[in-house]
Structures are given as C-alpha cells and as structure tokens.
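Being a predicted model, the structure only gives us computed values, none of them experimental. The chains referred to below are lettered A, B, ... by the order of the sequence lines, with proteins before strands, and numbering in each begins at 1.
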Amino acid sequence: MKRTTVLVMVGAIVIFGISWVLKSMSLTSTTDHYIAKGFAITFAAFLTLCIFSFLYKDNPFYKFAEHLFVGVSAAFWMSMGFWSTIVGNLIPRVSETLSNYFKVPYHPESYNPFYFLPVFLGILLLLRLSRKVGWVSRWPLAFIVGTTAGFNFIRYLRSDFIEQVSATFVPLLVDWQGIGHFFSNLSLSSTGQFVAMLSNWVIFFGVLCGIIYFFFSKEHKGVFGGASKIGIWILMITFGASFGYTVMGRISLLVGRITFLFKDWLSLIS
Amino acid sequence: MRREVPLFITFFIGMLLIFSVFIPPMESLGEDFTVFFDIIAVFAFFLGGGNLLRVHVSKLTRQKRDWQYSIVTLLGFAVTLVIGLFKIGNPGGIAAAPTAAGSLFQEIFDYCLVPLGATMYSLLAFFVASASYRAFRAKNREATILLIAAFIILLGRTPFGTVVTGWIPESFDVLQVPNLAVWIMNAPNLAGQRAIMIGIGLGVVSMSLRVILGIERTYLGEDKS
Amino acid sequence: MFYPGPLVALVDIGRTISLVIIGGGLLWLFIRALKGKEVDRRVIFLFIFIAVATPILFPITFGEKATRVVKAVYDKIESLPAGSTVIISFDFDPAMAPEVQPMANAITRHCLVKGHKIIFMSLFATGQALLTQTLRDVVETEFPDKKEEVDYVNLGYKAGNEGVLNVIISDFKKMFPTDVNNIPYDSIPALDDVSSCKDVDLIVSIGGGKPGVKEWVLFVGDPGRVPVACGVAAVVAPQMYPYYPKQLLGLLGGIKGAAEYESELIHNYPRFKDVDTPGLRMMGPQTLAHMVIITFILIGNLSFFIKKRKDRQ
Amino acid sequence: MALYKWFFVLGFIFCLCGMATAQESGVPPDSANIDTISQSIPPPAPVTDLQAFDTRNDHGHSITLKWKKSADDGAGNNSVIGYEIYTWEPNMVDSMAQLRSEIDQVRAAIYGGKKTGEDLKKKIRTLKDQYDILLEQLTVAHAGYPEGGEWRLVDKVPAGTETYVHLGSKEKLAEGYIPDYTDLYYRVDALTADSVVKTPSVVVGPVQCYGQWFNTEQVPVLITVILFGVLILYFVMLARKGKEIYVRPIGGIEAVDDAIGRATEMGKPILYVLGLGSVSDVATIAAFTILQRVAKKVAEYQTDLIVPTYDPIVMSVAQDVVKSAYYDAGRADTYKEDSVFFVTQSQFAYVAAVNGIMLRDLPATNVYMGKFYAESLLLAETGALAGSIQISGTDEIAQMPFFIVACDYTLIGEELYAASAYLGREPILLGSLKAQDYAKAAIIILSILGIIATVLGFTWFTEFFHVTS
C-alpha cells in the first residue's frame with residue numbers, strides 16, 4: 001500500500017472514533033444505549049460518505065461500502081422472503097404444527113393441499129445445482145413464465161391497450177359555437193378554447209404519428225416516413241419533458257442525504 | 001421430454017389463466033397462482049445466495065483482484081442472515097414481525113441499508129446534472145427538440161420562469177413558462193406516452209402469446225446435452 | 001412567486017457567501033465556455049453539492065400554491081364523510097422515501113384529522129419499516145387519541161406484488177389473515193365493514209416504482225371502480241398523466257406535489273402550523289439546484305457552438 | 001347539555017351530507033336526536049318496482065336489487081334521506097353466528113398458546129360439525145318463509161340510489177355467507193330524518209343466487225383476444241410458407257455487432273446488464289434473445305462476457321442461454337461458468353456493484369436490456385465516464401429519457417421486443433411482428449372512427465371500449 005493510502009485510512013479511522021465519542025456524549029441525555037446509538041449514527045454517516053466518495057473516483061472506501069451493501073442486502077431480502085412468504089403465506093395453508101411453531105394463525109379451512117405444488121416446484125428449481133437432473137429446473141420456470149404470460153396477455157390487452165385507445169377518442173372540437181365565434185374569441189389564453197382544442201389535436205395526431213413510428217414491417221418513406229418523423233419528434237418532446245420533470249425528484253434525494261449528515265450526524269441544524 | 005414438458009406447462013398454465021378471466025368460478029385461480037409464484041421465488045433466493053457465496057469464496061481462495069473486500073461481503077451476508085432468520089435481538093421473539101421496532105434486524109436496515117441505498121440513489125442528483133451538461137446539446141434536430149422541451153420544463157419548475165415571462169398578457173398566457181410547461185406535460189407528452197404505451201401493450205400481448213404458443217423459447221435455454 | 005426570503009437572506013452572511021460562490025463560480029465557467037473550454041464533471045458535482053447544501057444550512061423558502069392535480073386529491077379527502085375508509089399504501093423503499101414520505105405523512109394527517117379510518121399497507125418489503133416510521137412520528141405523536149386497530153390498522157407488507165392486489169380486490173382476509181400485530185382479521189374493528197378493496201372509499205398509493213400506483217389502477221381501481229389517488233416520485237409522474245383524471249383522480253408529483261399539499265393543509269388546518277413540512281423545506285434546494293442545472297445546460301451549449309464555429313474555421 | 005345535543009344534530013346533518021358520496025352507510029340515527037327532530041314527518045311513499053335477481057357474471061353468493069325510488073325522494077315531500085335493505089333470515093342463523101364466534105374464541109386460545117388441558121382441536125372439530133349440520137338445514141329453513149325467522153338489516157344506502165348488490169361471502173364459515181340455490185326474500189324501506197318514520201316496500205322473492213360459467217361483460221376482451229390470436233396465427237402460417245417479410249432496420253441492434261468487434265480489437269470485455277426484471281417480464285424475455293446473440297458473437301470473437309444479475313431465476317436462465325450460445329458457436333470449451341453471476345436482490349446494491357465492475361474492468365461495451373428503474377442513469381453515466389460504448393433498451397417509459405441522453409443507442413419500448421424477432425429472423429417471429437403492425441393499423445382506424453363518432457355524438461361506440469371486470 002502507498003503511504004498516502006495508509007495515512008488516509010488512519011485519518012478516517014481517527015475521525016470515525018472521534019465522531020463516535022462526541023456523538024455518544026451528545027446522546028447521553030436522550031437514550032440509555034448512547035454508545036450503540038452513537039456508533040450506529042456515525043457508521044451510517046461513514047457509509048454515506050463512502051458512497052459519495054465515488055463521485056471523485058473509485059477508491060477503497062467505496063469498495064468497502066459496495067461489498068458490505070451487496071452482502072447485507074442479499075441476506076436481508078432472503079430473510080424477508082422467508083418470513084413474509086414462507087412463514088406468512090405458505091405455512092398457514094399447509095401445516096398446523098409449523099404454524100404453531102412460528103406462532104402464525106392457522107385456519108383449518110384455509111388448508112390447501114395445492115400449496116404443496118409451489119414447494120415441489122421450488123425444490124425442482126434447486127435441483128439445477130445437480131448436473132444430472134438439472135433440466136427439471138425448467139419446469140418451475142415454465143410455470144412462472146406461463147402464469148405471467150397468461151396474466152399479462154389479458155391485463156395489457158384490457159388496461160394498457162383498450163383503455164388507452166379509448167382515451168384517445170378526444171373531441172377535436174371543444175365548446176364549438178360556430179366558426180365565427182371561434183375566430184372572434186381566438187386567443188392564446190391557457191384556459192381558452194383554442195389552446196384546449198390545440199391540445200386535443202396534438203394528442204390525437206401525436207398518438208397516431210407515434211404509433212406509425214413503431215411500424216416495423218413497412219419502410220418509412222413518403223407520407224408514412226413523414227408521419228414517422230413527426231412521431232419521433234413527439235417522442236423526443238416526451239423524453240425531454242420527462243427528464244426535466246425528474247430533476248426535481250433527484251435533487252430531493254440528495255437533500256434527504258445532506259440533511260441526514262447535517263442534522264442527525266453533525267447536529268448543525270435542528 | 002426435456003423440452004416438451006416445459007413447453008406444455010407454459011401452454012397449459014397460460015391458457016388456463018386466460019380462460020379464468022372469462023369464467024367466474026375460476027376467478028380465484030389467478031390469485032392462488034401468484035402466491036405460488038412468490039413461494040417459488042423464495043426458493044430461488046437460496047439459489048442466488050448460494051451463487052453469491054460461490055463467487056466470493058472463489059475470489060477469496062484464488063486471491064483475485066480485490067479479494068479482501070469479499071471478506072466484507074461474506075461477513076455482512078452471514079451476520080445479517082443469521083440475525084434475520086433466527087430473529088436474534090428481536091424483542092418480540094419469534095412471533096413478532098422481523099422488522100419490529102427496536103429489533104436488531106431493523107437496526108441493520110436503518111443504519112446500514114438505508115444510508116447505503118439512499119446515498120446511492122442520491123448520486124442521481126449529480127448524474128442528472130452532469131448528463132444534462134454533457135448531452136443536452138443542440139447537435140441535430142431531435143436533440144434540439146429534446147433540449148428545448150427539457151429546458152422549458154426545468155424553467156417551469158422554478159420561480160425564475162414566472163419572473164422571466166410574467167409580463168406576457170393574459171390572452172397569451174399559455175406562453176408563460178409555467179403554463180407552457182403544464183401544456184407540454186398534458187398534450188405532447190401525453191401523446192408520446194400514450195403511443196409508447198399502446199406499442200408496449202401490443203408488444204406484451206403479442207410476446208405473451210408467442211410464449212404461450214411456444215414460438216418464443218429462448219428463456220428455456222437450448223438443450224445440447 | 002418570490003417571498004421576501006431571498007432579500008432577507010442577504011443579511012445572513014453564510015448564505016450570502018454561498019450564493020456568491022455559486023454565482024461567481026458559474027460566471028467563471030461562463031467565461032471559460034466563451035473560450036470554448038469544457039467543464040470537468042467533478043466541478044459540476046461540486047456546484048450541485050453547494051447549491052443543495054446551502055439552503056439546508058441557511059433555509060430559503062418559497063411560497064407554494066396547490067395546482068389542480070394536487071387540489072383534486074386534497075378535495076377528495078376533504079369531501080369524504082368522517083368514518084370513511086381510506087387505504088394508504090406505502091409502495092416505496094428508503095431510497096424514494098425523502099421524496100414521497102412527506103406526502104404519505106401529510107395525507108395521513110389529513111385523513112386522521114377528518115376522522116377517516118386508515119388501512120396502512122405496503123407492497124414493498126422495505127415499505128413496512130417506513131410505514132412504522134410514519135405511525136411512530138405522525139400517528140402516535142400527533143394523534144395520541146387514535147387507537148390502532150380501531151381508527152387505523154397496519155396490515156404491513158405482503159410479498160406478491162400485483163398478485164397481492166389481485167387477491168385483495170375480492171378478499172382482503174385471504175392475503176392478510178392478520179395485521180402486523182398478529183391480530184386476526186375478524187377481530188379488528190377498523191376492518192368491520194371492509195371485506196375487499198371494493199368496500200373502501202379511496203385508495204392512496206404512495207410510491208414510484210413497481211409494484212405501485214400503476215398496479216393499483218390496473219388491478220384494483222379499474223376493475224373495482226374504486227377511486228385511486230397517488231403520490232409519486234417526480235420521475236414517474238409524467239407516466240401517470242395518461243391515467244389522470246379518468247383512472248386516477250389526482251396526483252402529487254415529486255417534492256413539489258408534497259409541498260403544495262402541505263401548504264394547502266397548513267392553510268386550512270392551523271393545528272398543523274408547527275409540524276415539520278419537509279416538502280416545503282426542500283423546495284429551497286430544489287430551486288437553487290434547478291438554476292444551477294439550467295446554467296450548466298446554457299454553458300454546455302455555448303461552448304459547443306463556439307467549438308463548432310472554431311472547427312469550421 | 002344543550003350544547004351536547006346541538007353537537008349531535010350538527011354531526012348528524014354532517015353525516016347525511018356525507019352519505020350522498022360515501023359507499024358505506026353513514027352513522028345510524030342516534031337515539032339522542034330523536035326528540036330534537038320534529039316527529040311530524042309524514043310517512044314517505046314506498047319504493048316501487050322492486051326486483052331481485054342473481055348477480056350476473058360472478059361465482060354466485062350474491063343478489064342484485066333494483067327499484068324505482070320513492071316519490072318523496074328528491075321530489076314530493078323530499079323527505080327520504082336513504083333506504084334500508086332488509087333480508088329475511090331464519091332464526092337459526094343466530095345459532096350459526098354463535099357457533100362461529102365460539103370457533104373464533106377457541107382458535108384465539110390456540111394461538112395464545114394457553115394450556116387449558118382441553119383438546120382444543122377436537123373442540124373445533126365438534127363445533128364445525130355442528131355448524132355443518134345447521135348449514136345443511138339452512139335451505140329448508142329459508143323455504144319456510146315467513147315462519148321461524150325475521151327481517152334483518154343488510155345495509156343502508158343514500159337517497160337517490162336505485163340499485164344494490166348484496167355481495168355475500170362464498171366461505172361458509174364467514175359472516176356474510178349467502179347460500180346458493182336457496183330461496184331468499186328482500187325488502188327496501190324508505191327512511192326519513194326521523195328514524196321511526198319509514199315505509200317498507202313490498203317483499204320480493206323468492207329469489208336464488210348461483211354462479212355463472214361465462215362472464216359476458218368480458219366479451220369485448222374475448223373478441224380482441226380471438227381477433228389478435230387469429231391475426232398472429234395467420235401471419236405465422238404465411239411466414240412458414242416462405243413469404244418474405246420486410247422488417248425495417250433497428251439502429252441499436254445493428255450497433256451490437258460493431259460494438260462486439262470493437263471490444264475484441266481493444267481486448268476488453270463486454271458487460272451485459274439484464275436489469276431488475278424477473279423472468280416473467282416481457283422485457284427480460286426479449287433481453288434473453290439479444291443476450292443469446294451477443295454471447296454467440298462473443299464466443300466467436302473470443303472476448304470476455306460479464307453478466308451480473310439481480311434475480312436468481314434470471315441468473316439461471318441467463319446461464320443456460322449463454323452456455324447454449326457457446327455450444328452454437330462451437331466454443332463450448334471456452335464457456336466460463338463465472339461469467340453469469342448473481343449480485344444481490346437489492347436495487348442500489350446491485351447498481352453499486354455493477355458501477356464498480358464498470359470502473360475496474362473497463363468494458364469496451366455496456367449493453368443494458370430489460371427492465372430498468374432509477375438505476376438507469378446511475379449505470380449509464382458511470383459507463384460514459386468509463387468511456388464505454390453503450391447500447392440500451394427498455395420498456396420502462398420513465399427511464400427511456402435517461403438512456404436516450406446517456407447512451408449511444410437506445411431501443412424504445414416495442415423496439416426491444418421487436419429486436420428479438422429481428423435478430424432471430426425466424427419466419428414465425430417475423431410473422432407475429434407483421435400481425436402487430438396490422439393491429440396498430442386497426443388502432444389507427446379505430447381511433448379515427450372513434451373521433452368521428454365523438455364528433456357525431458355516437459356514444460355507443462366509445463362505450464364499447466369501456467371494459468368492466
């Protein structure tokens with residue numbers, strides 16, 4: 001290791017220690033477990049800074065945080081899956097003894113022998129670790145894919161597809177009271193008739209051109225090509241607008257983290 | 001056998017679920033199947049955990065680059081798993097929720113996973129800025145349209161937009177930046193979203209049908225042995 | 001609308017110095033851009049950091065007024081008769097929390113003060129912990145008279161994503177045989193009149209990912225004809241617009257949505273004057289950071305054009 | 001005391017206002033306000049034309065009621081504030097309710113883990129047997145109307161309502177259980193502000209509920225399903241017969257081959273990120289097809305491939321796909337099992353790890369295909385920082401802008417699905433692509449018809465597309 005690296009490491013450990021002591025001291029009046037709490041907050045702040053250090057460049061602190069994150073999160077989700085699905089949803093349906101052991105309510109009428117099927121399929125899935133019978137692990141896979149394919153087929157047909165198509169049936173004439181009225185009241189007021197109609201025209205033709213852009217089996221030439229070009233412009237506006245709208249959310253997240261550092265760790269603000 | 005059985009399962013189950021929508025007595029079938037799906041997914045977690053162990057142990061034993069950090073991963077994994085599965089340090093004992101307030105598992109969540117996850121996520125604030133600097137350039141027509149739309153929306157979300165265009169009279173007030181931003185969101189943005197959604201809806205429907213009919217079968221992998 | 005905030009701010013030395021640093025730095029970069037030079041990404045990162053950190057240390061706030069989409073949600077909750085049942089689903093994880101938890105808190109306050117019964121639940125495993133936070137910080141602290149299981153119930157998290165919704169649209173008990181405290185479904189007074197989602201007066205899904213608002217709309221709102229409102233991270237808000245107002249009665253988009261809701265709530269219910277309003281608080285950093293990004297886009301294009309002209313020459 | 005009463009009155013009026021919007025019934029009139037409201041309200045006119053029939057398109061256990069509102073509801077004396085729905089039930093339902101609560105108590109005792117010495121499980125069995133016996137007699141008891149039973153309140157609905165669905169539970173042990181194929185009787189009372197002044201309707205019945213075998217409300221969906229299925233099958237058959245089908249070039253896919261070539265020249269690996277989707281997401285399935293293509297090229301060019309995965313099932317599928325691609329390329333010997341590995345099932349931990357890989361292994365090309373959420377920009381910006389060529393494709397609309405901005409090529413939504421057909425060049429896949437295009441043409445025609453119908457005021461056309469479920 002280079003000398004600077006060692007120095008930085010030692011520095012970090014010293015600062016960590018000082019922060020722990022100071023934080024614990026500031027917490028003595030609020031909690032009995034002030035040493036543990038002080039450590040927890042300092043550790044959380046340390047991890048936060050480790051990740052931020054990535055912005056400068058890849059470094060040992062980031063590597064440490066990254067590897068810790070991977071290990072802890074994998075185990076966290078495994079445990080949650082076990083408690084919430086196996087203990088929460090499966091056991092009360094298949095075994096009274098196990099329900100009593102895990103202290104989850106067992107309803108005799110919800111006993112369902114069909115629930116042994118997913119257990120069986122789950123075990124088949126684990127069999128892929130074996131070279132000889134690994135191929136049976138495709139059965140549960142086929143089950144999962146078949147289930148969701150069936151689900152998606154109907155749901156998307158109904159909600160994303162039929163509903164969105166019907167939503168496109170917008171009136172192209174809004175508050176229509178004759179052409180003379182339209183021109184005499186022509187204005188660019190955001191609540192006016194012209195803008196409302198313009199919106200509907202843009203929505204209708206925008207959707208049509210957008211769909212035309214997604215035609216795959218026809219060459220985009222001539223009028224068709226023109227419409228497809230307008231389609232891609234509409235998509236670009238959509239993407240630009242979504243991007244601009246999103247910036248706000250991303251900043252909020254950073255506000256959350258900086259607030260944590262300033263408030264919970266350094267107690268700079270109340 | 002090895003190919004036909006899975007293809008048959010997919011076909012059978014898929015068809016069953018499609019028909020269950022039209023047949024009231026079979027309505028609850030879909031509910032049960034999704035619970036099944038989750039139970040299988042939990043078994044898969046163990047497959048994943050096993051692979052994680054394998055990768056990091058092999059890194060460690062072969063002393064590959066950065067092998068020291070694999071110790072951190074393995075330790076973190078083992079400690080969290082033991083605490084989580086055995087509900088160690090949970091004041092409510094076995095009957096309590098694994099994330100009950102004050103439990104060790106919840107503390108790990110609060111003081112380790114939350115800061116790591118939220119900070120990783122918050123890096124986006126920086127990346128959004130660098131991406132807009134780098135990529136929002138009027139290079140060609142498409143990029144210019146993208147840039148202008150984004151710029152108007154950004155301006156519309158600050159008081160600055162009101163200040164700059166507040167002088168525009170009421171009869172032209174759609175040109176005021178905040179109103180223009182709302183209009184872009186409600187008209188062209190909506191059209192674009194909808195076009196993509198219809199396309200995706202159609203694509204999903206067609207792909208699902210291909211899967212059920214066994215036309216699309218890459219996901220099963222080829223069997224060469 | 002500007003409040004006198006920024007003017008008063010000039011008095012504050014720290015804030016002035018920070019604003020000068022940001023302004024001066026941007027000016028320097030602008031001059032560099034005129035010479036056709038590119039900016040290193042770390043410089044951008046630094047500017048964003050200062051722009052966000054400054055208003056946190058030295059608060060700058062701007063006034064907010066509820067827009068139509070936000071007002072729709074507020075009015076719906078306001079118009080429901082006391083004793084109505086509202087589902088508030090915490091469909092987000094800690095990473096999204098800073099943006100959407102303020103909405104969840106504000107809506108929870110509003111429902112409780114109106115006397116609605118709340119069913120709390122979560123489609124995200126990590127949402128349960130955040131839900132506990134809201135219960136602790138908002139419900140138990142500010143509404144000590146509200147009893148769990150009677151005025152509100154915490155059903156917690158169930159794995160299964162949209163599958164959960166698929167079940168609870170017709171049968172709550174099947175998916176949630178008990179609440180988080182292991183109290184059997186039938187013994188929970190708050191759920192007396194609720195056997196499925198169809199018995200609920202309003203569903204509020206707070207989240208931004210999947211499963212989330214979209215799933216609530218597709219799997220519960222549409223088929224069950226139950227009104228759905230949502231609070232989403234800014235990133236998903238544009239995607240939700242196609243559902244508004246037919247399938248979604250209103251939506252809170254990003255922290256701006258939260259701020260608007262909070263200001264509406266404070267305006268109408270003076271008792272909330274002193275509660276924490278993270279939404280409003282966070283608008284300061286938002287505004288500054290937006291300005292910085294806008295300036296960077298301008299600088300970027302400027303240097304791009306100057307470079308292009310140089311290349312042509 | 002007076003203040004207290006006023007409080008009640010105001011509360012009551014408040015509740016009445018609320019009832020107009022709420023599905024649930026409001027608070028029942030309190031005894032406290034009876035003496036405060038004038039008792040001189042004349043009895044309202046009863047509801048007329050009361051009909052009861054089995055609820056259609058369901059699995060039974062439910063009755064729908066329809067009636068014409070009272071003449072005093074919104075007109076006449078305007079005195080009706082709501083309706084009460086009553087059903088006639090034999091007295092034995094009380095004993096059934098009693099048994100149910102006993103069963104619940106015993107169950108609670110079992111979970112409480114209290115040792116009472118009694119065999120609780122046996123007790124539950126006995127109770128349930130008794131319950132089943134009563135259940136069998138229920139149909140007979142219902143047929144005995146009006147002897148041996150009484151009217152019971154089902155629900156209240158606000159004024160102006162003219163339909164009600166009595167939705168029962170199908171679980172026989174549940175509280176609101178309604179037996180199928182049993183004679184049921186209903187009555188609707190018109191209520192006034194004074195809780196004692198109300199007028200019952202004539203009794204309707206007997207009526208029976210039962211399940212249906214086909215949900216007629218889903219007919220539009222069924223028609224679409226059949227039309228679409230036929231369309232796809234038709235074009236698949238056409239394609240099988242050898243009809244040439246044109247597919248327009250898709251930029252991102254063409255770029256994949258070049259990018260692999262570049263990686264080989266530079267001697268750097270290729271990173272393939274499958275996103276956060278599970279194996280059931282269509283985007284992930286499409287991503288597998290592209291992975292197969294990439295892996296085959298990689299095997300031919302002898303480049304390294306890195307596939308970190310988020311979902312364990314996706315990992316196992318990806319392993320199979322990559323392995324078979326190496327077989328196809330005739331390079332089975334060079335397949336490395338470690339090239340496809342599981343990282344963790346946590347979004348940002350996964351990103352942290354993949355970002356690390358990008359900066360340490362410096363892949364020449366990053367391919368992102370599948371479902372992506374907030375991590376899209378984190379990955380794409382880090383990749384850009386590392387100087388890699390980036391190709392992306394997702395059907396998550398929210399993330400497309402980030403990929404468009406930060407990557408060199410992006411497949412937008414449906415393009416990703418089409419890519420798998422495009423790459424495979426198999427006639428049957430191309431055939432289904434053609435069918436999709438025809439469906440799109442149908443949408444365009446429908447939309448234009450829909451607009452014309454809206455302008456001309458043909459509401460039935462738009463109504464047809466409002467599918468209920």
For the candidates [options], which exhibits the highest count of non-hydrogen atom pairs separated by less than 4.5 Å from chain B?
options	value
A:Leu68, A:Val255, A:Leu254	A:Leu254
A:Met236, A:Arg128, A:His67	A:His67
A:Gly256, A:Ala74, A:Ala65, A:Gly150	A:Gly150
A:Ile211, A:Ile258, A:Ile144	A:Ile144
A:Gly206, A:Gly210, A:Gly122, A:Ser73	A:Gly122
A:Ala142, A:Pro118, A:Gly244	A:Pro118

Quick check on [X] against chain B: is it the side chain, the backbone, both or neither that has a heavy atom closer than 4.5 Å?
X	answer
A:Phe114	both
A:Leu55	side chain
A:Tyr213	neither
A:Phe116	neither
A:Leu126	both
A:Phe76	both
A:Phe214	side chain
A:Leu117	side chain

Does atom CZ of B:Arg141 have more than 12 heavy-atom neighbours from other groups under 6.0 Å away? no
State, yes or no, whether a side-chain contact exists between B:Asn90 and B:Leu104 at a heavy-atom distance under 4.5 Å.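 Heavy-atom side-chain distance check fails, nothing below 4.5 Å.
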Is there a side-chain contact between B:Ile212 and B:Ile18 in this structure, where contact means two heavy atoms from C-beta onward sitting under 4.5 Å apart? yes
Flag the one option from [options] with the top tally of heavy-atom pairs under 4.5 Å to chain A.
options	result
B:Phe151, B:Phe136, B:Phe12	B:Phe136
B:Gly192, B:Ser130, B:Ala149, B:Pro115	B:Pro115
B:Ala44, B:Ala195, B:Ala143	B:Ala195
B:Leu7, B:Ile40, B:Leu53, B:Ile71	B:Ile40
B:Phe126, B:Phe19, B:Phe33	B:Phe126
B:Val82, B:Leu17, B:Val79, B:Thr80	B:Thr80

Taking all heavy atoms of A:Gly240 and all of B:Leu146, pick out the closest pair and write down the distance.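 Closest approach of A:Gly240 to B:Leu146, heavy atoms only: N-CD1, 3.3 Å.
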In Å, rounded to the nearest 0.5 Å, how long is the span from [atom1] of [X] to [atom2] of [Y]?
X	Y	atom1	atom2	answer
A:Leu141	A:Leu125	CG	CG	7.5 Å
B:Asn189	A:Ile203	CG	CD1	10.0 Å
A:Ile237	B:Ile184	CD1	CD1	7.0 Å

Quick one: does [X]'s side chain have a donor or acceptor within less than 3.5 Å of a partner on [Y]'s backbone?
X	Y	result
A:Asp264	A:Phe260	no
A:Asn59	A:Tyr62	yes
B:His56	B:Leu52	no
A:Ser228	A:Ile212	no

Taking the six-membered ring for Trp and the full ring for Phe, Tyr or His, determine whether the centres of A:Phe143 and A:Trp139 are under 6.0 Å apart. no
Could you look at [X] and say if it's the side chain, the backbone, both or neither that has a heavy atom under 4.5 Å from chain A?
X	answer
B:Leu124	both
B:Val204	side chain
B:Leu209	both

Show me the side-chain donor-acceptor pairs of residues 78-90 of chain A shorter than 3.5 Å, one per line, residues at least two apart or across chains.
{"from": "A:Ser79", "atom 1": "OG", "to": "A:Ala75", "atom 2": "O", "distance (Å)": "2.9"}
{"from": "A:Trp83", "atom 1": "NE1", "to": "B:Gly84", "atom 2": "O", "distance (Å)": "2.8"}

Counting only pairs under 3.5 Å, give me each side-chain donor-acceptor contact of residues 36-51 of chain A, with atom names and distances, residues two or more places apart or in other chains.
{"from": "A:Lys37", "atom 1": "NZ", "to": "B:Tyr111", "atom 2": "OH", "distance (Å)": "2.8"}
{"from": "A:Thr42", "atom 1": "OG1", "to": "A:Ser19", "atom 2": "OG", "distance (Å)": "3.3"}
{"from": "A:Thr42", "atom 1": "OG1", "to": "A:Gly38", "atom 2": "O", "distance (Å)": "2.6"}
{"from": "A:Thr48", "atom 1": "OG1", "to": "A:Ala44", "atom 2": "O", "distance (Å)": "2.8"}
{"from": "A:Thr48", "atom 1": "OG1", "to": "A:Arg257", "atom 2": "NH2", "distance (Å)": "3.1"}

